[in-house]
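So the structure is just underneath, and the comments pick up after that.
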Amino acid sequence: MTKELNPAYNPKDVEEKIYRLWEESGYFDPDKLPGKHRKKFSVMMAPPNITGSLHMGHALENVSVDILVRAKRMQGFKTLWLPGIDHAGIAAQNVVEKELRKQNIRRQDLGREKFVEKIWEWKEKYGGLIFDQFKKLGVSPDWSRTRFTLDPGYVKAVQAAFINYYEKGWIYRGERVINWCPKCETGISDLEIEYREENGKIYHIKYPLTDKSGFITVATTRPETMLGDAAVAVHPSDERYKKLIGKKLILPIQEREIPIIADHSIDPTFGTGAVKITPAHDVTDFEISLRHDLPKFRIIDGKGVMTSEAGAFCEGLKTDECRQKIVDKLSELGLLEKVGDYTHNVAYCERSGTIVEPRLSKQWFLKMSELAKLAQEAIEKKETVFYPEKWAGILTEWLQNIKDWNISRQLWWGHQLPVWFHEPKCIPRKGHEGDIVKCKEYAVSITEPKCEFCDAKFVQSEDVLDTWFSSALWPFATLGWPGKTEDLATYYPTDFITSAREILNLWIARMIFSGKEFMEAVPFKTVYIHATILTREGKRMSKSLGTGIDPLFLIEKYGADATRFGLIYQNLGTQDIRFSEEHVVAGKKFCNKIWNAARFVMTRVKSADFPETTKKNLSEADKQIHASFEKVSEEITDDIEVLEFGRALHKLYDFFWHEWADKYIETSKKQAGLETEETLFYVFTNILKLLHPFIPFVTEEIWQTLKSHYGFKTDLLIIESWLNHDHGI
RNA sequence: GGGCGCAUAGUUUAAUGGCAAAACGUCGCAUUCACAUUGCGAAGAGUCUAAGUUCGAUUCUUAGUGCGCCCACCA
């Protein structure tokens, strides 16, 4: 029966074996937990990108959830932690495109269908790698319920959501200036833009007034866009220009009349206080043009070449060639007042390194006013509670100023819009002589629709939905919605979610309003915005800066428990963490200390069967350690409840090392008897339970060893009951 | 540009309206005892600056300085 422990704890002998033991037990799956009539506790994993690999942020986030989930499971809750992966539209498309480029293949060569097939192949091969890495951390989600945002069931959820919004009249098609990459020939999202500070030039150009009474000088960094100017705007109360508002200017080269308009968005202190307005090629200018009903001249095409609308002078030239030609011409005309040096941020396409060209295009939008209201009300009524609380206010403010959501993307990888187009025709209406009807340009439908008037075929929209459109449905789409499943009834709404602060708007807010809209309940009771992990110097960890630490490296060097310890020990409150490896070292030492305490207990405690009578003759030291343990265990239970995992771990560390090991164990060596043995055994085994959520591997290994050594009746530590009584029943 | 946060021993952090605590590091001593991945002990900061509130401020208020994070992207 006796099982020996090595004098030092070696994580490599243990972690893989123990993880397998847990997985084989099935206890990560709440349906397989022993016991009945349990209250549920559910959490959704923030799905990592299909292309992602484990970083410190994932590690902190998922270890935090794991601590909570393991504690709840031990407290008797029917605990579900549902994992999944996000298809990550552009990121995945990029990775596969890059792969193909090595073989000199462009995605356009393959065509959409073949290319998407390639991504699926890639997904099958590499898409699960990040979960192997998660497993190394020792986290305990229910892998049997793993979801992917492009699973057939999930696709249905996305379509159902789209159609619901469409039927409510909240989805519309409109023209907007979006970020366009002339090299990739697609619209790209704000997230795929990289701003680089650059030293450029600012050109001051004179636009003559039609009445020849003078000029207005505008400042621009992109003189070529003047070919598409529709107006010059000034602030309505700008004294310099006040009396010119409403007058006309001659746009040089184009020789077109453009008005001087007044708009509040103009900063009178910047440049000359007069701004040239190019509606089709600048986001703010476009918005101004809507307010003033200005024409939109498309002067640059999708490849970054000047169009015929730009005029014969520059047609066919690339933008930079055109710029030079324009500058020369203005200079010749005496309209170039001056050229200054100017440092500004230039938008680059993250993937191709090309300068982003804002461009007018047709996109699909989701109206936000009603949905934002739903989220605001839920936050106001505290249906969802934020930690720290300030994020509720920050989110509310963001919701107040929210713009309609551009949900379409010109990508191939993702949820294709359930929208179908066909050539609208004007045809005589049957049975009504002389009556002409026009069929609709598009229809919204999951399968190909039939036109009520003509028999022309419909073609599905090539656009896909923004990745966040599908992630917004995560808390219920993963449980089977729009079906009425048992899981949905049992686990929705979830109890808790944690995320990094940068996706508060992109993800958390959208899940809240989606939950209210489709489930009539917020998707989670608590949102915990966790700390960000910085380098020891207080800088952001980033791959491109080479400042990141690889959690797998830490696990390899010190073990998973030590890595978890190092992360959580430094995570006090929601303050950002300047991560230092020292604490991981301390974690490794701590694991070893526990390991050796177990060895000590096994040499001292002869049997785990104690007669009832022994409790009567406790020594002062026995009583003290019992009392002290009682107190610390309550505190730790409370700390976990309020998500103060770092504080709880500090207390466990101090208690175990300094009170239990340094003091009680030393005393126990000097006092013999059954009472001592029982106290040693009782406190040790119970503290193992409290330690388990934080450092699961070493505690489970010790538990299994004690089990075989003493032959006492127990299963796995992961389902041992917390403090000998269950909360969740 | 908007928002948010931080500032305490060499380092990373803790605490408190009334003697500033710990870990790591450093130094010394001990120990073949479950653990040298150990134990005991020592040195080491008066809490970024200025003003205010107060009997009293490291703590509260205001301003400044420094560092950092997030969002937006501006002619």
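Proteins get letters first, then strands, A, B, ... in listed order; numbering begins at 1 in each. Hydrogens, waters and symmetry mates are skipped; everything else that's a heavy atom, side chains included, is used.
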Could you check which of [options] has an atom nearest any side-chain atom of [X]?
{"X": "Lys539(A)", "options": "C67(B), G39(B), C70(B)", "value": "C67(B)"}
{"X": "Asp662(A)", "options": "U38(B), G39(B), C74(B)", "value": "G39(B)"}
{"X": "Lys593(A)", "options": "U38(B), C33(B), C70(B)", "value": "U38(B)"}
{"X": "Leu572(A)", "options": "U13(B), U38(B), C73(B)", "value": "U13(B)"}
{"X": "Ala8(A)", "options": "C69(B), A23(B), U37(B)", "value": "U37(B)"}
{"X": "Tyr195(A)", "options": "A14(B), C73(B), C71(B)", "value": "C73(B)"}
{"X": "Asn592(A)", "options": "C70(B), A34(B), U37(B)", "value": "U37(B)"}
{"X": "Arg540(A)", "options": "A34(B), C69(B), U38(B)", "value": "C69(B)"}
{"X": "Ile394(A)", "options": "C4(B), C69(B), U38(B)", "value": "C4(B)"}

Applying a 4.0 Å non-hydrogen cut-off, can you work out what [X] is touching in the nucleic acid: base, sugar-phosphate, or nothing?
{"X": "Ile665(A)", "value": "base"}
{"X": "Thr278(A)", "value": "nothing"}
{"X": "Ile266(A)", "value": "base"}
{"X": "Trp391(A)", "value": "nothing"}
{"X": "Ala597(A)", "value": "base"}
{"X": "Thr220(A)", "value": "sugar-phosphate"}
{"X": "Tyr342(A)", "value": "sugar-phosphate"}
{"X": "Asp267(A)", "value": "base"}

Starting from [atom2] on [N], measure out to [atom1] on [X] and report it in whole angstrom.
{"X": "Tyr653(A)", "N": "A14(B)", "atom1": "OH", "atom2": "P", "value": "17 Å"}
{"X": "Tyr387(A)", "N": "G5(B)", "atom1": "OH", "atom2": "C1'", "value": "20 Å"}
{"X": "Asn596(A)", "N": "U37(B)", "atom1": "CG", "atom2": "P", "value": "11 Å"}
{"X": "Lys651(A)", "N": "A14(B)", "atom1": "NZ", "atom2": "P", "value": "14 Å"}
{"X": "Lys588(A)", "N": "U38(B)", "atom1": "NZ", "atom2": "C1'", "value": "16 Å"}
{"X": "Glu666(A)", "N": "U31(B)", "atom1": "CD", "atom2": "P", "value": "15 Å"}
{"X": "Asp285(A)", "N": "C74(B)", "atom1": "CG", "atom2": "P", "value": "9 Å"}
{"X": "Phe565(A)", "N": "C24(B)", "atom1": "CZ", "atom2": "P", "value": "10 Å"}

- Query: What is the ring orientation for Tyr710(A) with Phe681(A), classed by angle as parallel under 30°, tilted 30 to 60°, or perpendicular over 60°?
  - Reply: perpendicular
- Query: Hey, does the side-chain of Lys390(A) have a donor or acceptor N/O within less than 3.5 Å of a partner on the base of C4(B)?
  - Reply: no
- Task: Please report the C-alpha distance between Lys631(A) and Glu635(A) in whole Å, then the side-chain angles of each, then the deciding distance to 0.1 Å, and finally whether the salt bridge (Lys or Arg N to Asp or Glu O under 4.0 Å) criterion is met.
- Result: CA-CA 6 Å; Lys631(A) 183 168 172 280; Glu635(A) 284 180 20; 3.1 Å; yes
Distance check, [atom1] atoms only: [N] and [M], in whole angstrom units.
{"N": "A9(B)", "M": "C24(B)", "atom1": "C1'", "value": "12 Å"}
{"N": "U59(B)", "M": "G46(B)", "atom1": "C1'", "value": "13 Å"}
{"N": "G39(B)", "M": "U32(B)", "atom1": "P", "value": "16 Å"}
{"N": "G44(B)", "M": "A23(B)", "atom1": "C1'", "value": "15 Å"}
{"N": "A7(B)", "M": "A14(B)", "atom1": "P", "value": "8 Å"}
{"N": "G41(B)", "M": "G3(B)", "atom1": "C1'", "value": "49 Å"}
{"N": "C48(B)", "M": "U8(B)", "atom1": "C1'", "value": "10 Å"}
{"N": "G25(B)", "M": "G10(B)", "atom1": "C1'", "value": "8 Å"}

- Residues Asn179(A) and Glu357(A): side-chain donor-acceptor under 3.5 angstrom: no
If you draw the axis of the six-membered ring of [Y], does the NZ or CZ of [X] fall within 45° of it and under 6.0 Å from the ring centre?
{"X": "Arg176(A)", "Y": "Phe365(A)", "result": "yes"}
{"X": "Lys589(A)", "Y": "Phe565(A)", "result": "no"}
{"X": "Arg323(A)", "Y": "Tyr203(A)", "result": "no"}
{"X": "Lys206(A)", "Y": "Phe215(A)", "result": "yes"}

- Residues in side-chain hydrogen bond (donor to acceptor under 3.5 Å, both in side chains) contact with His235(A), at least two apart in sequence or another chain: Ser237(A)
- Contacting residues from residues 575-583 of chain A, given that a heavy atom lies under 4.0 angstrom of RNA chain B: Gln575(A), Arg578(A), Glu582(A), His583(A)
Residue [X] excluded, over 12 heavy atoms near [atom1] under 6.0 Å:
{"X": "Glu337(A)", "atom1": "CD", "result": "yes"}
{"X": "Gln400(A)", "atom1": "CD", "result": "yes"}
{"X": "Glu666(A)", "atom1": "CD", "result": "yes"}

- Task: Could you say whether Arg604(A) or Ala219(A) is positioned toward the 5' end of RNA chain B, judged by the nucleotide with the nearest heavy atom to each?
- Result: Arg604(A)
- Note on the structure: Between Tyr9(A) and Thr221(A), the residue closer to the 5' end of RNA chain B by nearest nucleotide is Tyr9(A)
- Message: Which helical stems does RNA chain B take part in, if a stem means at least 3 consecutive Watson-Crick or G-U pairs with both distances below 3.5 Å?
- Response: B:1-7 with B:65-71, B:10-13 with B:21-24, B:26-30 with B:38-42, B:48-52 with B:60-64
- The glycosidic conformation of C4(B), counting syn as within 90° of 0 and anti otherwise, is anti
- Item | G68(B) glycosidic torsion: syn (within 90° of 0) vs anti | anti
- Under a 4.5 Å cut-off applied to non-hydrogen side-chain atoms, are Met306(A) and Thr319(A) in contact? yes
- Item | Result of checking Arg501(A), Arg540(A), Gln575(A), Glu502(A) against Thr532(A) for side-chain hydrogen bond (donor to acceptor under 3.5 Å, both in side chains) | Arg501(A)
